[in-house]
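Step one of this worksheet: look at the structure below.
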Amino acid sequence: MNVHTPDSVIAPWLESVQPDTLWVIGETTPPVVSDYQQHSSNSVCTLSHQEVGSTRQLPQAALIAKPLTSTNELLVAGQLRNLLISDILCFVHVSIPQDSLYALAFKRGKECREKGNALLSFHYSLVTYNHTRAWNNPKFWANPENWDKYWW
């Protein structure tokens, strides 16, 4: 069985997203992010949970490096999403209800192990958040038989 670590999830995410600016939420920056920063020209800013709302410069992506262990800590994921940050990756302890993250439009990723703790990775992407539906446009609303016939 292939056991993933948070670093093995973060590295491909960084390669696919390639953010110019990245927030790391937690006490320290993971080594894989530091290595990535050395080989690219991106800007990495490490913030605590409390500093998320007070910063004015918004990043292209955010990584919640410290695993979320309580439902109160999920507020950080919601704050980041509400700031319209386009890509967010977080790790959650398995005891947290997954429905809470699904409600924030996060998608479940791989299961990881760190220091004996089982973690789940979750990813949010603004690009894939709300896909365009064929029926959801003004062309088919309110008397479609009169469209392009009259000018109101």
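Nothing here was measured: the structure is a model prediction, and the numbers come from that model.
The structure places OH of Tyr36 at 4.5 Å from CD of Gln18, a figure rounded to the nearest 0.5 Å. Put simply, CD1 on Ile25 and CD on Gln79 are 9.0 Å apart, with the number rounded to the nearest 0.5 Å.
Every residue two or more places apart in sequence or in another chain was checked for a ring-ring contact (aromatic ring centres under 6.0 Å, His included) with Phe91, and none qualifies. In this view, Gln38 and Asp35 satisfy the side chain to side chain contact (heavy atoms under 4.5 Å, CB included) rule, not counting sequence neighbours. Every residue meeting the side chain to side chain contact (heavy atoms under 4.5 Å, CB included) condition with Ile85, not counting sequence neighbours, appears here in chain and number order: Trp23, Pro59, Ala62, Leu80, Leu83, Ile88. Partners of Ala11 according to the side chain to side chain contact (heavy atoms under 4.5 Å, CB included) rule, which considers only residues two or more places apart in sequence or in another chain, are Val32. Listed by chain and number, the residues in a side chain to side chain contact (heavy atoms under 4.5 Å, CB included) with Ser125 are Asp87, His123, Val127, Thr128 (sequence neighbours excluded).
Side-chain contact between Arg108 and Gln98 is present, with heavy atoms from C-beta onward closer than 4.5 Å. Proximity of Leu101 to Val92: side-chain heavy atoms (C-beta onward) are separated by under 4.5 Å at one or more points. Looking only at side-chain heavy atoms (C-beta outward), Cys112 and Leu120 stay at 4.5 Å or farther from each other. Side-chain atoms of Val33 and Leu22, non-hydrogen and from C-beta on, do get closer than 4.5 Å to each other. For the pair His93/Pro67, no side-chain contact is recorded, criterion being any heavy-atom separation below 4.5 Å from C-beta on. Residues Pro30 and Asp7 form a side-chain contact, since some pair of their non-hydrogen atoms from C-beta on lies under 4.5 Å apart.
A donor-acceptor distance shorter than 3.5 angstrom exists from the side chain of Gln60 to the backbone of Asp20, with no hydrogens or angles considered. Listed for the Thr21 side chain is no donor-acceptor partner under 3.5 Å among the backbone atoms of Ser43.
Side-chain heavy atoms closer than 4.5 Å link hydrophobic residues (I, L, V, M, F, W, Y) into clusters, and following such links, possibly through other members, connects Ile64 to Tyr102. In the hydrophobic clustering of this structure, Leu58 groups with Val76; members are Ile, Leu, Val, Met, Phe, Trp, Tyr whose side-chain heavy atoms approach within less than 4.5 Å, directly or through other members. Val52 and Leu126 fall within a single hydrophobic cluster, where Ile, Leu, Val, Met, Phe, Trp and Tyr are joined by side-chain heavy atoms under 4.5 Å apart, directly or via other members. Criterion: ILVMFWY side-chain heavy atoms under 4.5 Å apart, direct or through other members. Under it, Val9 and Trp13 are part of a common hydrophobic cluster.
Looking at every heavy atom in both residues, Leu89 comes nearest to Ser121 through CD1-CB, 4.5 Å. Looking at every heavy atom in both residues, Leu104 comes nearest to Leu74 through CD1-O, 4.3 Å. Heavy atoms only, all atoms of each residue included: Thr46 and Gly26 are closest at CG2-O, 3.5 Å.
Residue His49 forms a side chain to side chain contact (heavy atoms under 4.5 Å, CB included) with just one option from Leu68, Leu75, Asn72, and that option is Leu68.
Checked by atom type, the side-chain pair Thr29/Ser34 shows no donor-acceptor distance below 3.5 Å. A side-chain donor from one of Asn42 and Ser40 sits under 3.5 Å from a side-chain acceptor of the other.
Among residues at least two apart or in separate chains, salt bridge (Lys or Arg N to Asp or Glu O under 4.0 Å) pairs with a member in residues 65-83 are Lys66-Glu73.
Between Tyr124 and Phe106, the two ring planes are tilted [angle within 30° to 60°].
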